[in-house]
Undergrad: 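I have a structure I would like to understand better, so I am pasting it below and will then ask my questions one at a time.
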Amino acid sequence: MYDTILVATDGSEPADRAIDHALDIASTFDATLHALFVVDTRRYGNTMLEDSEATLSDLNERGRDVLSTIEGEAAINVTTELRNGAPHEQIDAYAREIDADLIVLGHRGLTSGDEIGSTAERVVRYAERPVITA
Amino acid sequence: MYETILVPTDGSDPANRAVEHALAIAERYGADVHALYCVETHRYGEPALSSAELVLDRLEDQGAAMLDELGSRVDNVGLEYGSTVCHGRPWEEIRETADEVGADLIVLGFQGQSHERPGKIGSVAERVVRYTDRPVLTA
């Protein structure tokens with residue numbers, strides 16, 4: 001049923017829960033697991049401002065950290081990918097590239113409160129693939 | 001990771017797809033399967049009119065038959081099965097049933113029977129994802 005699984009993370013707690021689910025499902029179904037971190041450039045902008053550039057490079061650094069932690073702690077092989085852009089668009093685009101048959105992501109990410117996050121909602125809504133919100 | 005999987009179905013194609021996902025996952029994990037069919041009384045109303053009552057009775061019979069059929073499939077692979085037929089608003093009934101059975105995963109179709117715009121998520125799926133504090137697989 002599942003050969004290629006994509007888990008998207010922003011390093012938040014719900015995203016960690018999503019990673020637990022994705023790792024478990026991937027090893028249970030013997031599937032390939034890809035982990036994607038998207039630096040949300042809508043929020044911080046792709047500008048010429050020096051501050052913003054520094055913020056983006058910090059966030060990229062953080063993304064690499066988050067991904068290498070996943071890689072290091074996982075008992076199975078994980079392919080990692082770091083992208084910049086709008087999270088839901090990048091998740092959808094990367095899912096297409098690897099032809100993921102399941103996307104797993106946190107119910108809400110860093111920037112939302114109790115409600116479902118806008119990224120989760122958009123991915124469920126627009127990615128024409130099975131999605132688990134964990 | 002998954003011990004009890006709740007699969008609400010309205011017999012639509014996406015719901016059937018969800019059933020396949022639910023069974024595949026349940027089989028791998030040896031999880032119990034609980035199926036739910038909801039007669040949408042917010043759509044049809046709890047009737048005083050006898051003709052409307054007939055419609056609801058028929059829907060309930062169809063739903064029960066569908067759940068029985070699913071039950072034999074689950075039995076065949078040696079998993080525990082339970083089912084509920086209820087009246088009400090699907091997303092509310094799904095949330096309540098998930099609480100009752102302690103579902104650690106809800107699997108449901110991206111859109112159901114009453115949906116007209118292909119490619120767009122149905123309101124039941126959206127509300128379940130939004131308001132249920134449990135992992136949800138939309139298929």
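Quick caveat, the model's predicted, so the values are computed rather than measured. Convention: sequence-line order gives letters A, B, ...; per-chain numbering from 1.
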Undergrad: Would you indicate whether the side-chain heavy atoms of A:Phe29 and A:Asp3 approach each other to under 4.5 Å?
TA: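 Heavy-atom side-chain distance check fails, nothing below 4.5 Å.
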Undergrad: Hey, does B:Val7 have a side-chain heavy atom less than 4.5 Å from the side chain of B:His34?
TA: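 No - every pair of side-chain heavy atoms lies 4.5 Å or more apart.
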Undergrad: Go through the atoms of B:Glu20 and report whether side chain, backbone, both or neither lie under 4.5 Å from a heavy atom of chain A.
TA: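 It is both, since atoms from each part get that close.
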Undergrad: Do B:Leu23 and B:Arg73 touch side chain to side chain, with heavy atoms closer than 4.5 Å?
TA: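 A side-chain contact exists here, since the closest heavy-atom pair is under 4.5 Å.
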Undergrad: Which bit of B:Ile25 is near chain A, if near means a heavy-atom gap under 4.5 Å: side chain, backbone, both or neither?
TA: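 For B:Ile25, heavy atoms of backbone and side chain both lie under 4.5 Å from chain A.
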Undergrad: Can you tell which part of A:Leu102 gets under 4.5 Å to a heavy atom of chain B, answering side chain, backbone, both or neither?
TA: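 Contact with chain B is through the side chain of A:Leu102 alone.
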Undergrad: Could you tell me which portion of A:Arg17 (side chain, backbone, both or neither) has an atom closer than 4.5 angstrom to a non-hydrogen atom of chain B?
TA: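 The answer is neither part of A:Arg17.
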Undergrad: For B:Arg17, is it the side chain, the backbone, both, or neither that has a heavy atom closer than 4.5 Å to a heavy atom of chain A?
TA: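 For B:Arg17, neither part sits under 4.5 Å from chain A.
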Undergrad: What I want to find out is whether A:Asp92 reaches A:Arg122 closely enough, with some N-O distance under 4.0 Å, to be called a salt bridge.
TA: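 No salt bridge links A:Asp92 with A:Arg122.
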Undergrad: Which one of B:Ala125, B:Ala24, B:Ala139 has the most heavy-atom pairs closer than 4.5 Å to chain A?
TA: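 That would be B:Ala24.
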Undergrad: Applying side chain to side chain contact (heavy atoms under 4.5 Å, CB included) between A:Leu105 and each of A:Val7, A:Ile91, A:Leu36, A:Asp10, report the one that passes.
TA: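 Looking at A:Val7, A:Ile91, A:Leu36, A:Asp10, the match for A:Leu105 under the side chain to side chain contact (heavy atoms under 4.5 Å, CB included) is A:Ile91.
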